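Index from 1, following the sequence. Given the structure is predicted, the values throughout are model-derived calculations rather than measurements. Counting starts at 1 for both ligands and their atoms, following the listed order.
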Amino acid sequence: MQPPDPAYHLPALGPEAVARWFSAPDGVYVDGTLGGCGHARALLARLGPGSRLVGLDRDPDALAANRDLARDPRVRLVQGDFGDLPAVLARCGLGPVDGVLLDLGVSSHQLDEGARGFSFLRDGPLDMRMDPGAGPPASALVNRAPVAELARVIRAYGEEPRAGRVARAIDRARRRKPLETTGELARVVEEALGRRGAKHPATRTFQALRIAVNRELDALERFLGALDRVLAPGGRVVVISYHSLEDRLVKRALREAQPRCRCPARAPRCTCGTPGWLRPLERRVVRPGPDEIERNPRARSARLRAAERLPDPPPDGEPHGGTP
Ligand SMILES: C[S@@+](CC[C@H](N)C(=O)[O-])C[C@H]1O[C@@H](n2cnc3c(N)ncnc32)[C@H](O)[C@@H]1O
């Protein structure tokens, strides 16, 4: 097996993620965001010959960059959306799995390739699609959406307090000439907001458009909603998110799946209606330390949450283990 290519992507929280993702050497695992395959290769190094790993990414570049893995009999590479995971697993002939990892957002490769149109630092077409064959590019949203809709997207997904000002500046610019490149859009936003501090003024706008173009929160919500059909008892879910919108969804879904059963321990089965099915592996979110941030500044906003599926409830008549 080749080592991962650090120029493609340097994984965030690598050892922390793999330690939580792994539960059994011959288990069935999913990497829902293959990217540069750093996490997946580290997991594969711990897995035995009877294991299986489905490596999923929307971006055909990620699958092409890791095509050597397709020769590993344990691995199945699939182009697809983790929001459709139950259907992907069914197509692979697999049932519930022992571990799923999502390392959300974009890879360094996607940001660094100007032609993909993700970055205000590299001039390129205003595209931003993770799967270049799916849905309209960012230029369609930027040039055709009503101003109020643009402002809503930039406020909701970019958490940009001056979203209205940005949307109106985009509207004035596109009336003169459609915005076709990342450089043109970055200049319009910079002129609208001015430069304050080290952060580029277009950072939030680009994040918002990327999230909207790829329907990122929708995919995450569909994934979280299907988790109870995807995880086997004892299976683990690990999610690394990079902004508060994602982390909020993950935190809420994991909290809602936790047991809050108040039945007596000797009760034959739960009657309070809150048995739960997922146990968080730790109470606090895991963040990278200063050493990792120095080595890999793009990891600085990473937040990891992990949980384990509880064993199935005992059949009627056996104690179910509620609070004493
Ligand atoms: C941060 S990178 C993952 C890096 C990877 N863990 C590694 O070790 O190199 C995120 C990847 O997830 C992919 N991605 C994002 N949303 C996706 C989705 N809904 N379904 C499948 N892949 C997705 C992106 O195309 C990108 O390649």
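Residue Leu34 places a heavy atom less than 4.0 Å from ligand 1. Under the 4.0 angstrom criterion for non-hydrogen atoms, Gln110 is in contact with ligand 1. At least one heavy atom of Gly80 lies less than 4.0 angstrom from ligand 1. Heavy atoms of Gly83 stay at 4.0 angstrom or farther from ligand 1.
At most 12 heavy atoms of other shown residues, nucleotides or ligands fall within 6.0 angstrom of atom CZ in Arg287.
Nearest-heavy-atom check against atom 16 (N) of ligand 1 across Met130, Arg298, Arg116, His109 picks out Met130. Looking at Val88, Asp59, Asp57, Asp31, it is Asp57 that brings a heavy atom closest to atom 24 (C) of ligand 1. The option with the heavy atom closest to atom 10 (C) of ligand 1, from among Ala62, Gly36, Gly105, Pro60, is Gly105. Between atom 12 (O) of ligand 1 and the options Leu10, Leu217, Leu13, Thr33, the minimum heavy-atom separation is to Thr33.
Contacts between Leu101 and ligand 1, counted as non-hydrogen atom pairs separated by less than 4.0 Å, are absent for every part of the residue. Of the heavy atoms in Ala12, none comes closer than 4.0 Å to ligand 1. If you look at His39 next to ligand 1, the close heavy atoms, those under 4.0 Å, come from the backbone and the side chain alike. Residue Leu104 touches ligand 1 through its backbone alone, judged by heavy-atom distances below 4.0 Å.
Of the protein's heavy atoms, Arg58 N, 3.2 Å lies nearest to atom 22 (N) of ligand 1. In this structure, the protein non-hydrogen atom closest to atom 20 (N) of ligand 1 is Phe82 N, 3.0 Å. Given atom 4 (C) of ligand 1, the protein heavy atom at minimum distance is Asp103 OD2, 3.3 Å.
Between the side chains of Thr182 and Arg122, no donor-acceptor pair is found at a separation under 3.5 Å. Residues His39 and Asp31 bring no donor and acceptor atom of their side chains to less than 3.5 Å of each other. There is a side-chain donor-acceptor pair under 3.5 Å between Gln110 and Asp59. Using modelled atom types and a 3.5 Å distance limit, the side chains of Glu159 and Ser244 yield a donor-acceptor pair.
Contact atoms of ligand 1 toward Gly32: 21 (C), 22 (N) (distance under 4.0 Å to a heavy atom of the residue). Near Cys37, meaning under 4.0 Å from any of its heavy atoms, are these atoms of ligand 1: 7 (C), 8 (O), 9 (O). Each of the atoms 7 (C), 8 (O), 9 (O) of ligand 1 lies under 4.0 Å from some heavy atom of Gly38. Atom numbering of ligand 1 starts at 1 in the shown order; those under 4.0 Å from a heavy atom of Ala219 are 19 (N).
Here's the thing with Val106: none of its N/O atoms is less than 3.5 angstrom from an N/O atom of ligand 1. Looking at ligand 1, you'll find an N or O of Asp81 within less than 3.5 Å of one of its N or O atoms.
Using a cutoff of 4.0 Å between basic side-chain nitrogens and carboxylate oxygens, Lys177 and Glu184 are scored as salt-bridged. Salt bridge present: Glu308 and Arg279 bring a charged side-chain N and a carboxylate O closer than 4.0 Å. A salt bridge links Arg174 and Asp171; the closest N-O separation between the charged side-chain nitrogens and carboxylate oxygens is under 4.0 Å. Using a cutoff of 4.0 Å between basic side-chain nitrogens and carboxylate oxygens, Arg74 and Asp72 are scored as salt-bridged. Checked for salt-bridge contact, Arg215 and Asp81 miss the test: no charged N lies under 4.0 Å from a carboxylate O. Between Asp84 and Arg222 there is a salt bridge, with a side-chain nitrogen of the basic residue lying less than 4.0 Å from a carboxylate oxygen of the acidic one.
Checking Asp103, Asp247, Leu304, Val285 one by one against Ser241, the side chain to side chain contact (heavy atoms under 4.5 Å, CB included) holds for a single residue, Asp247.
The aromatic rings of Phe82 and Phe223 sit perpendicular to each other, their planes meeting at more than 60°, with 30° as the lower class boundary.
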